[in-house]
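Worksheet: the structure to be examined is printed underneath.
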Amino acid sequence: MHFNKLSGEVFYPSQEVIEKAHIKNWDELNEFATKDYLGFWEKMANELHWFQKWDKVLDDSQKPFYKWFTNAKVNVAYNCLDVHLKTPRRNKLALIWEGENGDLRTYSYHALHREVCKFANVLKSLGVNKGDRVTIYMGRIPEIIMAMLACARIGAIHSVVYGGFSVEALSERIEDSQSKVLVVADGAYQRGKIVPLKQIADEALQRCGTVENVLVVRRTGQPVNMEEGRDMWYHDLVNLPFITQNCSLEIMDAEDPLFILYTSGTTGKPKAILHTQGGYMVGVYTTLKYVFDIHEEDRYWCAADPGWITGHSYIVYGPLLNGATSFLYEGAPNYPYPNRWWSMIEKYGINILYTAPTAIRGLMRFGEAWVNRHDLSSLRLLGSVGEPINPEAWKWYYRVVGKEKCPIMDTWWQTETGMFMITPMPSVPLKPGSGTRPFPGIEMDVVDENGNSVKPNEEGYLVIKTPWPSMMRTIYKDPERYVNQYWSKFPGWYLTGDSARKDEDGYFWIIGRVDDVIKVSGYRLGTAEIESALVSHPAVAEAAAIGLPHEVKGNAIHAYVILKQGYEKSPHLAEELRQHVAHEVGPIAKPEHIEFVDSLPKTRSGKIMRRVLKARALGQDPGNISTLEE
Ligand code: WT7
């Protein structure tokens, strides 16, 4: 294979990696997909099962409300499970699961299909119908995957809330989605302790009113409160004689909703990103197949949480659509010792590991010896997602974990995009810190305020210029916000909210968010959520949250608080406020530091200028402050 000379530090793929790869020649695929992107996606869609094919691949008559595979009939869960049952994959492992406490469970495709059908029948027995919303709030256990697929099978819309979120975050999401069923676990093991999920859910349910039934999956076995008539144990229902493993499936329109997933935006409440059955399926199937180069014999591990888009697309749907064997681990990476991950890679013979820079930096701190105790020679490919990976962490991952033979797939994408958008493939030369180029067939650019492409290596807005099948369709119940937030700054182009640079080789380098989103350990949080949690405390009059650089977390939250009259600032109160945010939003949102102030920098129209706070904290020039009120 011949590569053009590229600028900067470049890591070229080995002959071995290229020979194994589905896509040996990226340029060839890119040329085909660029010339005829609809043809490309149509070809990929044809690798999947449809009850009825489409009239049109793309209907763009009502931009930006794009429709893909119009009038096609499909069911994603059918493609994840049923299609494999008539093939040798029937008895292949779909899922290997290890609990933090050492519990082990495995499911073949046949077994997972059976469990999903039973789960779906339980949901039906609770009156869940096509189009109903079901909120799922659990840890990383097999039942979270079953619950999602059960919804998909019967056409219910799942809304998974990450198990690390807490009372207010959960209640707000249940309320907004108007879910009538909540599926919850009694608890989750995390770092040797139990996260009391059911207890948190009970408190959340006191603040919202749509849930009729709570389905409780037993994981930890600690006593929990069960409200008569409302709460039911999953194991009681699933063992009832009329719950069989036969469950008819709902034939869905390609554009019927598959799920909503809440994410943080520029202002206000988290928004429910809506994804649909057909296009989403085609997008995640294709990207996982080509980027993580899934082969029949692979054992693949995406170490994210099913509660985020990474988990939806690349723990649940992508691997199963590809008939892969995937691994799920419940707990913390360093529990009970910092070699936990490496020991599991060795034990299960994992070939592909996909994780976040924050996890890599965290494990890096414990030193190489922990990694080197284990035989990691099964690894073939590595992946990174969630935030820019600093070259130092990239190189450590490459050298210490991948032994300089595993290319790193640094994948840039978002909840909204549903699938990888800027990403290498195994046969692509890599530059540490860059996700390389857009996935074939997708046109992206870095532009200035007026929408003109900036010069190489200049910073600008990252935009997407062509539609793609797994794009979000709307914000659930708020189409106006969908248009305003994503499509109005540069009409016709999708605004990502990130700033980036593009180098002379066309490689993209992500700089970070340009809005009020803070990426903490790769988790996406909005300043508004943290601030409203602070203001819900009786002592707080006003609050502002910003992200400041942090060695392991990427960014850490710093909060500025104005107290109400009659309250005294103290270290004790600061700690109480931090705990309050953890209780309301979740431990991930707990501010690193709280500073009590007498005033906050605001514009004349009263908007907090977080940019000014950030510049001050970093000792930098705040830039243009002509709109500052005082
Ligand atoms: C934001 C989206 C966790 C799944 C994907 C995240 C940042 C994501 C990368 C990357 C640099 C990245 C961006 C993006 N981001 N991947 N490889 N390099 N930045 O989904 O939670 O919706 O967050 O994550 O800022 O806008 P998300």
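FYI, the numbering just counts along the sequence from 1.
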Margin query: Parallel, tilted or perpendicular, judged at 30° and 60°: which one describes the rings of Y354 and F292?
Written below: tilted
Margin query: For a 4.5 angstrom cut-off between non-hydrogen side-chain atoms, does I273 reach Q414?
Written below: no
Next item on the list: Give a yes or no on whether the backbone of N351 and the side-chain of S378 come within a donor-acceptor separation of less than 3.5 Å.
Entry: no
Check: Do the non-hydrogen side-chain atoms of L104 and I96 ever get within less than 4.5 Å of each other?
Finding: yes
Next item on the list: Go through the structure and list residues passing salt bridge (Lys or Arg N to Asp or Glu O under 4.0 Å) with E98, not counting sequence neighbours.
Entry: R340, K347
Margin query: Using every non-hydrogen atom in the two residues, find where D253 and K73 come nearest and quote the distance to one decimal.
Written below: OD2-NZ, 3.0 Å
Note to self: Check this for me: does any side-chain nitrogen of one of E31 and K35 sit under 4.0 Å from a carboxylate oxygen of the other?
What the structure shows: yes
Notebook entry, point to check: Does the side chain of Y107 pick up a donor-acceptor pair with the side chain of E115 at under 3.5 Å?
Noted result: no
Note to self: If you define the side chain from C-beta out and look only at heavy atoms, does anything of M419 sit under 4.5 Å from I442?
What the structure shows: yes
Notebook entry, point to check: Is there a donor-acceptor pair closer than 3.5 Å between any side-chain N or O of N121 and the backbone N or O of Q245?
Noted result: no
Check: Could you give the distance from OG1 (T220) to CG (D186), rounded to the nearest 0.5 Å?
Finding: 3.5 Å
Next item on the list: Starting from the C-alpha separation in whole Å, work towards a yes-or-no answer on side chain to side chain contact (heavy atoms under 4.5 Å, CB included) for K43 and F32.
Entry: CA-CA 11 Å; K43 174 171 168 287; F32 161 53; 4.2 Å; yes
Next item on the list: Give the intermediate values and the outcome of side chain to side chain contact (heavy atoms under 4.5 Å, CB included) for residues I174 and Y137.
Entry: CA-CA 10 Å; I174 293 173; Y137 181 61; over 6 Å; no
Note to self: Quick check: do L274 and T276 have side-chain heavy atoms less than 4.5 Å from each other?
What the structure shows: yes
Margin query: Taking the ring of F69 and the ring of W50, is the distance between their centroids below 6.0 Å?
Written below: yes
Note to self: What's the separation between atom CD in E47 and atom OG1 in T286, rounded to the nearest 0.5 Å?
What the structure shows: 7.0 Å
Checklist line | 4.5 Å side-chain heavy-atom contact, L249 and D82 | finding: yes
Item checked: Over all atoms of both residues, closest heavy-atom pair of C80 and Y317 -> SG-CD2, 3.8 Å
Note to self: Set out, in order, the CA-CA distance, both residues' side-chain angles and the distance that settles side chain to side chain contact (heavy atoms under 4.5 Å, CB included) for M421 and F508, then state yes or no.
What the structure shows: CA-CA 11 Å; M421 298 301 281; F508 285 73; over 6 Å; no
Notebook entry, point to check: Counting N and O atoms only, with roles assigned by atom type, does the side chain of K92 sit under 3.5 Å from a partner on the main chain of G323, one being a donor and the other an acceptor?
Noted result: yes
Next item on the list: Verify the distance criterion only: is there a donor paired with an acceptor across the side chains of N91 and H110 at less than 3.5 Å?
Entry: no
Check: Within the distance-only criterion (no hydrogens, no angle test), does the side chain of K180 pair as donor or acceptor with the backbone N or O of G127 below 3.5 angstrom?
Finding: yes
Check: Distance under 6.0 Å and angle within 45° of the ring axis: does R173 meet both against F165?
Finding: yes
Next item on the list: Could you pull out the closest heavy-atom pair between V74 and A254, with the gap in Å?
Entry: CG1-CA, 4.0 Å
Item checked: Side chains of P426 and M409 in contact at under 4.5 Å (non-hydrogen atoms) -> yes
Notebook entry, point to check: Between D132 and A156, is there a donor-acceptor pair closer than 3.5 Å when you use the side chain of the first and the backbone of the second?
Noted result: no
Check: CG of L261 to CD of E416: how many Å apart, nearest 0.5 Å?
Finding: 9.5 Å
Next item on the list: Any chance you could lay out the side chain to side chain contact (heavy atoms under 4.5 Å, CB included) test for V428 and R437, step after step, and finish with the verdict?
Entry: CA-CA 9 Å; V428 164; R437 292 160 295 183; 3.7 Å; yes
Notebook entry, point to check: Can you list the residues that meet the salt bridge (Lys or Arg N to Asp or Glu O under 4.0 Å) rule with K86, with sequence neighbours excluded?
Noted result: none
Notebook entry, point to check: Between the side chain of H374 and the main-chain N/O of M344, is any donor-acceptor distance below 3.5 Å?
Noted result: no
Next item on the list: Spell out, as yes or no, whether a donor-acceptor pair under 3.5 Å connects the side chain of Y262 to the backbone of S177.
Entry: yes
Item checked: Ionic contact status for E297 with R380, cut-off 4.0 Å -> no
Checklist line | Minimum-distance pair of heavy atoms, taken over all atoms of T287 and V284 | finding: OG1-O, 3.3 Å
Next item on the list: Please work out whether the ring planes of Y494 and W468 are parallel, tilted or perpendicular, with thresholds of 30° and 60°.
Entry: perpendicular
Checklist line | N-O pairing of D176 and R133 below 4.0 Å | finding: no
Note to self: With a 4.5 Å cut-off on side-chain heavy atoms, are M471 and T417 touching?
What the structure shows: no
Note to self: Determine whether H49 and F51 satisfy the following criterion, ring-ring contact (aromatic ring centres under 6.0 Å, His included), listing intermediate values before the conclusion.
What the structure shows: CA-CA 7 Å; H49 174 274; F51 298 109; 4.8 Å; yes
Note to self: Please report whether the ring centroid of Y300 lies less than 6.0 Å from that of Y314.
What the structure shows: no
Next item on the list: Run the ring-centre check on H84 versus H113 and record whether the distance is less than 6.0 Å.
Entry: no
Checklist line | Any donor-acceptor pair under 3.5 Å from N75 side chain to E250 backbone | finding: yes
Checklist line | Contact check, side chains of K67 and Q62, non-hydrogen atoms, under 4.5 Å | finding: yes
Next item on the list: For the pair R140 (side chain) and Y329 (backbone), establish whether a donor and an acceptor sit closer than 3.5 Å, ignoring hydrogens and angles.
Entry: yes
Next item on the list: Mind checking the OG-CG spacing from S326 to L320? Nearest 0.5 Å is all I need.
Entry: 6.0 Å
Next item on the list: Give a yes or no on whether a salt bridge exists between E330 and R219, defined as a side-chain N under 4.0 angstrom from a carboxylate O.
Entry: yes
Notebook entry, point to check: Looking only at side chains, do Y523 and Y162 share a donor and an acceptor under 3.5 Å apart?
Noted result: yes
Margin query: With no hydrogens and no angle check, just 3.5 Å: does a side-chain donor-acceptor pair link Y280 and S313?
Written below: yes
Note to self: Please verify the inter-ring angle class for F3 with Y12; under 30° counts as parallel, over 60° as perpendicular, anything in between as tilted.
What the structure shows: tilted
Notebook entry, point to check: For R89, which residues count as a salt bridge (Lys or Arg N to Asp or Glu O under 4.0 Å) partner, sequence neighbours excluded?
Noted result: E296
Note to self: Nearest 0.5 angstrom please: I145 CD1 to L112 CG, how far?
What the structure shows: 7.5 Å
Notebook entry, point to check: To the nearest 0.5 Å, how far apart are CG in N25 and CG in L29?
Noted result: 9.0 Å
Note to self: I'd like to know if the side chain of E143 pairs up with that of Y234 as donor and acceptor (distance under 3.5 Å, no hydrogens or angles considered).
What the structure shows: no
Checklist line | Parallel, tilted or perpendicular: ring planes of F439 versus F40, cut at 30 and 60 degrees | finding: tilted
Margin query: Minimum heavy-atom separation for A120 and I154, please, with both atom names.
Written below: CB-CG2, 3.9 Å
Checklist line | D60 (side chain) donor-acceptor with Y66 (main chain) under 3.5 angstrom | finding: no
Check: Which heavy atom of G307 sits nearest a heavy atom of V160, and at what distance?
Finding: CA-CG1, 3.6 Å
Margin query: Tell me whether the rings of W301 and F327 are parallel (<30°), tilted (30 to 60°) or perpendicular (>60°).
Written below: perpendicular
